Amino acid sequence: MKIYSMKEVCAEANMTYQTLKYYCNEGLVPNVKRDKNNHRIFDEKDVKWIKDLICLKKCGMSIEEMKNYLNMCLEGESTIPARKAMLAQKQDSLREAIKELEDSISYIDWKQNFYDEVLAGERPYISNLIRNDT
C-alpha cells in the first residue's frame with residue numbers, strides 16, 4: 001500500500017498544503033498517522049476521503065457540515081438515511097444555482113444578440129437608461 005506525504009496528497013488532490021493542514025487540524029481527516037519524524041502520512045483510503053472532502057466543499061458544505069457528515073460516516077450504516085438527506089439538500093441547492101447560472105447565461109445571450117443586431121443596423125438602439133424627454 002502506498003503511503004503519501006502531505007505534499008504528495010496535495011499534488012494528488014490538487015489542493016494547497018495549507019488547506020490540507022487546516023482539514024487535518026479541524027479533525028476532518030480521521031486517524032491521521034505520523035512517520036518517525038512526526039510528519040503526517042496518508043494511505044490510499046485517506047487520499048480518497050480527502051478528495052471526498054474537496055467535493056463536499058465544492059458542493060457548498062461548510063466545515064461544520066463536513067464535520068457532521070464525517071461523524072455520521074464514522075457512526076456507520078445506521079446514518080445513511082441522514083447522510084442521504086444532507087446530500088439531497090445540497091443537491092437541491094446546486095440545482096437551483098445551476099438554474100440561476102443558466103438564466104444569467106440566457107440573459108447574456110439575449111443581450112449579445114441585441115447588440116449584434118444594433119451594430120449590424122438591424123434594429124434601433126433603445127436604452128432604458130437614456131432618457132429622450134425633449
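These values consider heavy atoms only, across backbone and side chains, with no hydrogens, waters or symmetry-generated copies. This structure is a prediction, so every number in the text was calculated from the model and none was measured.
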- Indicate if V32 and Y4 have the same hydrophobic cluster label, given that clusters are the connected sets of ILVMFWY residues with side-chain heavy-atom separations under 4.5 angstrom. yes
- Query: What heavy-atom pair brings S5 and E8 nearest, and what distance separates the two atoms?
  - Reply: N-OE1, 2.8 Å
- Item | Any side-chain heavy-atom pair of L87 and M61 under 4.5 Å | yes
- Verify the neighbour count for atom NZ of K45: are there more than 12 heavy atoms of other residues, nucleotides or ligands below 6.0 Å? no
- Query: Do you reckon Y107 sits in the same ILVMFWY cluster as Y115, going by side-chain contacts under 4.5 Å, direct or chained?
  - Reply: no
- Query: How far apart are the closest heavy atoms of P30 and D46, and which atoms are they?
  - Reply: O-OD1, 4.3 Å
- Message: Would you say that more than 12 heavy atoms from the other residues, nucleotides or ligands in this model lie under 6.0 Å from the CG of N37, or not?
- Response: yes
- Test log, rule side chain to side chain contact (heavy atoms under 4.5 Å, CB included), inputs M15 and I50: CA-CA 10 Å; M15 68 189 307; I50 291 163; 3.5 Å; yes
- Message: Can you confirm if the NZ or CZ of K21 lies within 45° of the ring axis of Y17 and under 6.0 Å from the centre of its six-membered ring?
- Response: no
- For the residue pair G60 and K90, what are the closest heavy atoms and their distance? O-NZ, 3.3 Å
- Item | C55 side, atom SG; K51 side, atom NZ - distance, nearest 0.5 Å | 9.5 Å
- F114 and W110 aromatic ring geometry - parallel, tilted or perpendicular at 30°/60° bounds: parallel
- Message: For E122, give me all partners under side chain to side chain contact (heavy atoms under 4.5 Å, CB included), at least two apart in sequence or on another chain.
- Response: E117, A120
- Query: Hey, does M86 have a side-chain heavy atom less than 4.5 Å from the side chain of E65?
  - Reply: yes
- side chain to side chain contact (heavy atoms under 4.5 Å, CB included) assessment of N71 paired with T79: CA-CA 9 Å; N71 289 332; T79 64; over 6 Å; no
- Item | For K99, side chain to side chain donor-acceptor pair (under 3.5 Å) partners two or more places apart | D103
- All heavy atoms of I54 vs all of A13, minimum pair found to be CD1-O, 3.3 Å
- Distance (rounded to the nearest 0.5 Å) between L20 CG and N25 CG: 9.5 Å
- Message: What's the separation between atom CD1 in I41 and atom CZ in R34, rounded to the nearest 0.5 Å?
- Response: 10.0 Å
- Query: Is it true that atom NZ of K111 has more than 12 heavy atoms of other residues, nucleotides or ligands lying nearer than 6.0 Å?
  - Reply: yes
- Task: Using a cut-off of 6.0 Å, state whether more than 12 heavy atoms not belonging to D109 lie near its atom CG.
- Result: yes
- Query: Distance from R123 atom CZ to D116 atom CG, nearest 0.5 Å?
  - Reply: 11.0 Å
- Item | side chain to side chain contact (heavy atoms under 4.5 Å, CB included) partner of M72, the single match among L74, N68, L70 | N68
- Query: Ignoring hydrogens and geometry, is there a side-chain-to-backbone donor-acceptor pair from D92 to Q89 under 3.5 Å?
  - Reply: no
- Item | Test item: V47 and E44 side chains (from C-beta on) under 4.5 Å apart, heavy atoms | no
- Message: Is there a path of hydrophobic side-chain contacts, each under 4.5 Å between heavy atoms of I/L/V/M/F/W/Y residues, joining L94 to L56?
- Response: no
- Note on the structure: Taken to the nearest 0.5 Å, the spacing of N31 CG from F42 CZ works out to 12.0 Å
- In terms of heavy-atom contacts, does NZ of K84 have more than 12 from other residues, nucleotides or ligands at under 6.0 Å? no
- Stepwise, does the side chain to side chain contact (heavy atoms under 4.5 Å, CB included) test hold for K57 with M66? CA-CA 8 Å; K57 185 67 176 169; M66 291 192 307; 4.2 Å; yes
- Message: For the CG atom of L53 and the SG atom of C59, what is their distance to the nearest 0.5 Å?
- Response: 11.5 Å
- Item | Considering all heavy atoms, the nearest I63-E26 contact | CG2-OE1, 4.1 Å
- Query: When the ring planes of W49 and Y69 are compared, do they come out parallel, tilted or perpendicular, using 30° and 60° as the limits?
  - Reply: parallel
- Message: Within the 4.5 Å heavy-atom criterion, are R83 and C73 side-chain neighbours or not?
- Response: yes
